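Protein chains get the first letters and strands the later ones, always in sequence-line order, with residue 1 at the start of each. Not measured: the values here are computed from a predicted model. Values below: all heavy atoms of this structure, side chains included; hydrogens, waters and symmetry mates excluded.
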2 protein chains.
Amino acid sequence: MNISTRQIDAFLALAAQRNFTRAAMQCHLSQPAFSALIRALEEDLGIRLFDRSTRHVELTAAGANFMESAQRIRTEMDAAVASMRDEATLRRGRVAIALLPSLAAGWLPERLAEFHQHHPGVELEIADVLSEPCIAMVASGKADFALAAIRADTPDLQAEPFCSDEYHLVCRDDHPLAKAPRGRRRPVSVAELAQWPFIHMARHSSVRQFLEAALHPQPMKSVMEVEQLATVMGMVRAGLGISAIPSLTLFHFQQPGLVTRPLLWPELTRQIYLVRRRDRSLSSAAQALYTQLMTHRPTEAPGSAVRRELP
Amino acid sequence: MNISTRQIDAFLALAAQRNFTRAAMQCHLSQPAFSALIRALEEDLGIRLFDRSTRHVELTAAGANFMESAQRIRTEMDAAVASMRDEATLRRGRVAIALLPSLAAGWLPERLAEFHQHHPGVELEIADVLSEPCIAMVASGKADFALAAIRADTPDLQAEPFCSDEYHLVCRDDHPLAKAPRGRRRPVSVAELAQWPFIHMARHSSVRQFLEAALHPQPMKSVMEVEQLATVMGMVRAGLGISAIPSLTLFHFQQPGLVTRPLLWPELTRQIYLVRRRDRSLSSAAQALYTQLMTHRPTEAPGSAVRRELP
DNA sequence: CGATCTTACGGGATTCGTAAACATA
DNA sequence: TATGTTTACGAATCCCGTAAGATCG
């Protein structure tokens with residue numbers, strides 16, 4: 001026994017038209033083919049649904065009974081198909097991504113704004129967490145994909161390079177290092193950096209850990225440790241010291257009176273990866289966001305010092 | 001676009017089994033055929049429902065979404081098909097018939113008892129009304145068929161002979177007519193009937209009208225007119241007079257001390273017809289009741305006088 | 001390398017539309 | 001007789017199962 005939507009449609013058309021010829025036209029079928037469709041349905045159900053003569057077509061009691069079911073089935077079908085089509089055409093859907101707070105605050109918002117403008121029906125869920133929880137969310141299926149600083153290429157996860165994040169010196173514009181000696185070309189050296197009072201992030205932060213690993217064993221003149229990058233910015237602007245921060249967080253420091261300079265040391269370039277599950281295809285919405293983010297990756301850091309003027 | 005129950009079943013099987021081979025077996029299909037079914041469904045819906053590798057099969061987000069709809073559709077389908085099958089196999093259904101009160105009280109109950117025993121799920125609606133309303137109920141569709149004394153063979157209605165209803169003399173067992181003179185063979189004549197006091201039904205009753213038409217122009221010795229046959233019985237038993245009533249109402253008079261004798265005049269035989277609509281087929285339940293009633297029609301009236309003894 | 005999904009392909013069933021037959025008002 | 005349904009039938013399509021191919025663990 002196999003009932004198709006075409007049979008349901010044929011039934012409803014005939015119930016409405018009470019005429020095989022018109023109902024057949026409505027279904028874009030020849031009348032005999034349509035007739036066969038109705039007959040097959042009646043045989044499947046084991047009961048006559050229409051009383052018909054050449055002059056009259058009418059529902060039987062069983063047919064009237066079946067009509068209610070047929071209408072509910074048709075409605076449910078339509079809703080399901082429309083829902084799938086909406087999902088396929090991005091009129092609705094849901095994407096969950098996990099990414100580093102620095103990306104989430106500085107670079108992501110404009111990308112999301114554009115995405116949302118194109119696909120207003122798609123719900124967005126953003127987890128701005130550190131790299132490890134990012135990976136965990138992808139692994140557990142809570143996020144469709146992640147942007148994190150861990151090359152998580154496991155049997156389950158697939159990582160591809162997304163962008164690179166280079167450390168920059170930040171200092172006041174009246175600081176000696178802001179001057180870019182000998183024609184701006186020469187990068188700042190480790191020794192130069194180490195001779196000035198330094199504002200550190202807390203030891204547990206990834207910014208601090210990556211920096212320490214890169215500068216080891218050179219000791220720094222640490223003047224204080226803070227938790228938030230915004231605090232680092234305040235301290236540097238107040239002239240308490242200098243600092244070094246990843247390019248993705250530069251937006252915190254684009255303030256009047258501050259200067260940023262790329263450090264351009266290979267050890268101080270960390271890679272950001274896009275991580276996704278191997279076994280799970282991206283949903284239409286996730287695929288669209290993926291494409292959007294990949295084509296608007298953060299630009300490579302500019303090679304020259306930037307000085308913010310007071311307005 | 002055409003979605004079939006087999007595709008829904010295939011989807012649900014695969015969602016449950018998460019394995020093409022097992023799901024295919026569950027659907028009694030070869031694995032490639034099953035695979036094609038899923039592919040066709042995905043193409044119809046325009047979206048991937050399963051993420052699959054050779055080792056793993058899993059619902060996509062869209063697939064999980066579709067599952068709810070699929071389950072509702074399957075449930076609704078099952079209910080509809082079961083309902084139709086029940087109707088076809090008389091596990092449920094409804095019959096409405098209209099018939100003369102005499103048939104409804106005397107003959108019908110045992111027939112219905114047997115029918116109900118065989119088909120307890122079928123609802124029965126009985127209208128015990130006179131012939132004209134019987135016909136009207138069939139014509140208007142309120143009754144599936146009727147048993148009435150009108151040969152209603154119109155373009156819309158079809159009548160077939162059902163049984164004949166012959167008038168019987170009723171009197172006390174000590175009445176001269178109860179004796180069945182000259183060897184019980186000779187029927188009672190009109191003249192004999194007319195010489196005794198007669199208990200009449202009211203003029204508007206069909207029993208009275210048919211009797212008057214048959215006896216015309218012979219005048220009767222009317223002693224009174226009553227509305228109910230039970231009253232006629234009481235009067236006759238009290239010795240107030242005799243009466244003549246149709247065989248179908250004899251059950252009223254099967255009382256101790258009363259005698260009934262068939263009158264056997266052709267003019268006093270009225271035909272009962274089974275009347276149904278031409279354009280409408282009988283429902284399964286109506287067809288079954290029709291057969292049941294036709295095969296257990298009221299027996300022809302016995303040819304001899306019946307005397308009820310006191311117990 | 002074994003288990004499992006997909007592709008390829010020939011045969012059989014299904015379904016289509018045209019045309020003729022049939023039925024009813 | 002005119003309208004409308006069913007039957008008949010050849011052709012196109014769809015669908016199935018077997019066998020071979022591809023892929024993942």
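To the nearest angstrom, P of D:dC24 lies 13 Å from CG of B:Asp51. Whole-Å rounding puts the B:Asp44 CG to D:dC14 C1' distance at 13 Å. The distance from atom CD of B:Glu58 to atom P of D:dC24 is 16 Å, rounded to the nearest whole Å. Residue B:Arg48 contributes atom CZ, which lies 13 Å from atom P of C:dC5 at whole-angstrom precision. Between the CG atom of A:Leu29 and the P atom of C:dT18 there is a distance of 12 Å, given to the nearest Å. Between the CZ atom of A:Arg22 and the P atom of D:dT3 there is a distance of 14 Å, given to the nearest Å. Atom-to-atom, CZ of A:Phe34 to C1' of D:dT5 comes out at 12 Å; the value is rounded to the nearest Å. Atom P of nucleotide C:dT7 and atom CD1 of B:Ile38 are separated by 14 Å, given to the nearest angstrom.
Atom CZ in B:Arg111 sits 8.5 Å away from atom CG in B:Leu293 (nearest 0.5 Å). To the nearest 0.5 Å, atoms CG (A:Leu248) and CG (A:Leu103) are separated by 4.5 Å. Atoms CG and CG, from B:Leu289 and B:Leu90 in turn, are 10.0 Å apart once rounded to the nearest 0.5 Å. Between atom CD of residue B:Glu114 and atom CD of residue B:Gln292 there is a gap of 4.5 Å, rounded to the nearest 0.5 Å.
Taking side-chain N and O atoms only, A:Ser30 has no distance below 4.0 Å to OP1 or OP2 of C:dT18. At the phosphate of D:dT23, neither OP1 nor OP2 sits under 4.0 Å from any side-chain N or O atom of B:Arg52.
Looking at heavy atoms from C-beta onward, B:Asp51 lies in side-chain contact with A:Arg280 at the 4.5 angstrom threshold. You'll find the side chain of B:Ile272 stays beyond 4.5 Å of the side chain of B:Leu99, heavy atoms only.
Residue B:Ala148 comes nearest to B:Cys134 through the heavy atom pair CB-CB, 3.8 Å, listed as atom of the first residue, atom of the second, then distance.
Enclosure of atom CD in A:Gln271 by more than 12 non-hydrogen atoms of other residues, nucleotides or ligands within 6.0 angstrom is indicated. Heavy-atom contacts from other residues, nucleotides or ligands closer than 6.0 Å to CD of B:Gln209 number more than 12.
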Atom pairs under 3.5 Å, N or O on each side, protein against nucleotides 7-10 of chain D: can you list them with distances?
none

Hey, what are the protein-to-nucleotides 23-25 of chain C N/O distances that come in under 3.5 Å?
{"unit_1": "C:dT24", "atom_1": "O4'", "unit_2": "A:Thr54", "atom_2": "OG1", "d": "2.9"}

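In this structure A:Phe11 satisfies the ring pair (Phe, Tyr, Trp, His ring centres under 6.0 Å) test together with A:Phe50, A:Phe66, sequence neighbours excluded.
Annotation: proximity of residues 1-20 of chain A to DNA chain D (heavy atom, distance under 4.0 Å) is found for A:Asn19, A:Phe20, numbered in ascending order.
One side chain, B:Glu87 or A:Asn65, offers a donor N or O that lies under 3.5 Å from an acceptor on the other.
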task = Would you please test B:Glu58 and B:Arg52 for salt bridge (Lys or Arg N to Asp or Glu O under 4.0 Å) and show each step?
result = CA-CA 6 Å; B:Glu58 205 171 355; B:Arg52 42 199 190 270; over 6 Å; no

request  = Verify salt bridge (Lys or Arg N to Asp or Glu O under 4.0 Å) between B:Asp86 and B:Arg91, making sure each step is shown before the conclusion.
outcome  = CA-CA 5 Å; B:Asp86 283 355; B:Arg91 276 195 291 273; 3.0 Å; yes

Less than 3.5 Å apart, which donor and acceptor atoms pair up between the side chains of residues 12-25 of chain B and the rest of the protein, not counting sequence neighbours?
{"unit_1": "B:Gln17", "atom_1": "OE1", "unit_2": "B:Arg22", "atom_2": "NE", "d": "3.1"}
{"unit_1": "B:Gln17", "atom_1": "NE2", "unit_2": "B:Gln26", "atom_2": "OE1", "d": "2.7"}
{"unit_1": "B:Asn19", "atom_1": "OD1", "unit_2": "B:Thr21", "atom_2": "N", "d": "2.8"}
{"unit_1": "B:Asn19", "atom_1": "OD1", "unit_2": "B:Arg22", "atom_2": "N", "d": "2.8"}
{"unit_1": "B:Arg22", "atom_1": "NH2", "unit_2": "B:Gln17", "atom_2": "O", "d": "3.0"}

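Comparing the end axes of the helix from C:dC1-D:dG25 to C:dA25-D:dT1, each fitted to five base pairs by superposing C1' atoms of four pairs onto the next four, gives an inter-axis angle of 40° (nearest 10 degrees).
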